[in-house]
Amino acid sequence: MEQTPLSGIIITGASSGIGQALAELYARPGVLLALTGRDTDRLNAVADTCRNRGAIVEAETVAVTDRAGMQSFIARIASRSRLDLVIANAGVGGGFKTWDQFDGHVRAITDVNIGGVLNTVNPAVPIMVQQGGGQIAIVSSMAGFLSMPGAAPYSATKHFARSYAEELRGMLAPQGIRVSAICPGFVVSRMTARNKFPMPFLMDTEKAADIILRGLAANRGRIAFPWPMLAIIRVLGLLPYPLLDWILRRSPAKD
């Protein structure tokens, strides 16, 4: 009897937050889940939960900033299964204390939020082209629709993530590869737990993951939620720039 091939799903930033919730939703028999994260203990706990749900799990603390390491990790998974879904979820935020730290802060954020996306997505593209299809999801943010001075360079990196996903979607569609930009608002996570300012429409992690899963299943190019926050951002985007600039300069800064 011929064995059904495994369905390979790669999720970065899977040791907590949205990445963890997505891993647990996708965990089922017949799936090879490949998970990366920064915290070994948390990542192993997520892996155990997913194994208990029937998935085969490969969990590794390879950094998304490690180009060669990520390429090797993805190639190894692709050698064991069809590469059906890659979710570039890993991301970091935060602020800096002194201007002497500014350059290092900017480079650390961009290395993960931009370099990490490239190191996750780009090695998967030729594999999916060769196999005749697949799906890629890049996690951006509502911050990717506006330039937030209090979140520099986080907002800029999320602009890149959204735009790159939307460019790839058009470019790779003829190859049978579906691409989505995921743009959540405030979601309960270790990252948002540091925020000391009000977070409107704060959403449970599990609910956010369910919205993402259903959006990917429907092949939505842009999965942006919650809709009230998206509506507010759309209205702000219609304002004359001098007024928008005045408003955004008063947005809270990340810690």
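In what follows, residues are counted from 1 in the order of the sequence shown.
Under the 4.5 Å side-chain heavy-atom criterion for Ile, Leu, Val, Met, Phe, Trp and Tyr, L243 and I233 are members of the same hydrophobic cluster. The hydrophobic cluster containing L213 does not contain W227, counting ILVMFWY residues as joined when their side-chain heavy atoms lie under 4.5 angstrom apart, directly or transitively. Two different hydrophobic clusters hold L238 and Y241 under the rule that ILVMFWY side chains link at heavy-atom gaps under 4.5 Å.
Judged by distance alone, the side chain of N119 and the main-chain N or O of V64 form a donor-acceptor pair under 3.5 Å. Formation of a donor-acceptor pair under 3.5 Å by the S141 side chain with backbone atoms of G185 is not found in this model. Using modelled atom types, one side-chain atom of N52 and one backbone atom of D48 make a donor-acceptor pair closer than 3.5 Å. Using a distance-only test at 3.5 Å, with no hydrogens or angles considered, no donor-acceptor pair links the side chain of T61 to the main chain of G37. Between the side chain of Q131 and the backbone N or O of G133 there is at least one donor-acceptor pair closer than 3.5 Å. The backbone N or O of I114 sits nowhere less than 3.5 Å from a side-chain atom of T157 that would complete a donor-acceptor pair. Counting only distance, with no hydrogens or angles, the side chain of D39 and the backbone of D41 share a donor-acceptor pair below 3.5 Å. Of the possible donor and acceptor atoms, none in the side chain of S163 sits under 3.5 Å from a partner among the backbone N and O of F160. At least one donor-acceptor pair under 3.5 Å links the side chain of T110 to the backbone N or O of V106. With hydrogens and angles disregarded, no donor-acceptor distance shorter than 3.5 Å links the side chain of T205 to the backbone of G17.
Residues G91 and N113 come closest through the heavy atom pair CA-OD1, 3.2 Å. Heavy atoms only, all atoms of each residue included: L35 and A14 are closest at CB-CB, 3.9 Å. Of all heavy-atom pairs spanning A23 and V46, the tightest one is CB-CG1, 4.2 Å. The two residues S140 and R162 come nearest to each other via the heavy atoms OG-CB, 3.6 Å. Taking every heavy atom of both residues into account, L22 and A209 meet most closely at CD2-O, 3.6 Å. Scanning both residues, M128 and I136, for their nearest heavy atoms gives SD-CG1, 3.8 Å.
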Checklist entry - Should N219 and R169 be marked as a side chain to side chain contact (heavy atoms under 4.5 Å, CB included) after you check the CA-CA gap, both sets of side-chain angles, and the distance that decides it? => result CA-CA 10 Å; N219 188 29; R169 181 176 175 84; 3.1 Å; yes
Checklist entry - Passes side chain to side chain contact (heavy atoms under 4.5 Å, CB included), M142 versus F186? Steps please. => result CA-CA 8 Å; M142 284 287 181; F186 293 111; over 6 Å; no
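No side-chain heavy atom of V92 sits under 4.5 Å from any side-chain heavy atom of Y154. Side-chain contact between I56 and L33 is absent, with no heavy-atom pair separated by less than 4.5 Å. V188 has its side chain out of reach of M203: every pair of non-hydrogen atoms, C-beta onward, lies at least 4.5 Å apart. For the pair L230/F145, a side-chain contact is recorded, criterion being any heavy-atom separation below 4.5 Å from C-beta on. D84 has its side chain out of reach of Y26: every pair of non-hydrogen atoms, C-beta onward, lies at least 4.5 Å apart. In this structure the side chain of T120 reaches within 4.5 angstrom of the side chain of V86, judged on heavy atoms. Within the 4.5 Å cutoff, the side chain of I223 has no heavy atoms near those of the C183 side chain. Using a 4.5 Å heavy-atom threshold, the side chains of E24 and C50 count as touching.
For the atom pair CG of D111 and CG of L118, the computed distance is 11.0 Å after rounding to the nearest 0.5 Å. The line from CZ of R82 to CG of L32 is 14.0 Å long, rounded to the nearest 0.5 Å. Distance CZ/R249 to CD1/I247: 12.5 Å, rounded to 0.5 Å. Distance CD1/I9 to CG/L85: 5.5 Å, rounded to 0.5 Å. Distance check: R214 CZ to L216 CG gives 11.0 Å after rounding to the nearest 0.5 Å. Rounding to the nearest 0.5 Å places CE of M70 at 5.0 Å from OG1 of T36.
Neither side chain, N89 nor T12, offers a donor N or O lying under 3.5 Å from an acceptor on the other. Between the side chains of R67 and N122, not a single donor N or O lies within less than 3.5 Å of an accepting N or O.
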Side-chain atoms of residues 172-180: list all donor-acceptor pairs with protein atoms under 3.5 Å, sequence neighbours left out, distances to 0.1 Å.
| residue | atom | partner | partner atom | Å |
| --- | --- | --- | --- | --- |
| S180 | OG | R220 | O | 2.6 |

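For R28, there are no salt bridge (Lys or Arg N to Asp or Glu O under 4.0 Å) partners, not counting sequence neighbours.
Atom CD of Q130 sits in a sparse spot, with 12 or fewer heavy atoms from other residues, nucleotides or ligands closer than 6.0 Å. In this structure, E60 places its CD atom where more than 12 heavy-atom neighbours from other residues, nucleotides or ligands lie under 6.0 Å away. Shown here is R250, whose CZ atom has more than 12 heavy atoms of other residues, nucleotides or ligands within 6.0 Å.
V121 pairs with exactly one of I10, I74, L168, I87 by the side chain to side chain contact (heavy atoms under 4.5 Å, CB included) rule, that one being L168. Tested against D103, the residues Q101, H105, R107 include a single side-chain hydrogen bond (donor to acceptor under 3.5 Å, both in side chains) partner, R107.
Taking 4.0 Å as the cut-off between side-chain N and carboxylate O, E58 and R80 count as a salt-bridged pair. Between D210 and K207, no side-chain nitrogen of the basic residue sits less than 4.0 Å from a carboxylate oxygen of the acidic one, so the salt-bridge criterion is not met.
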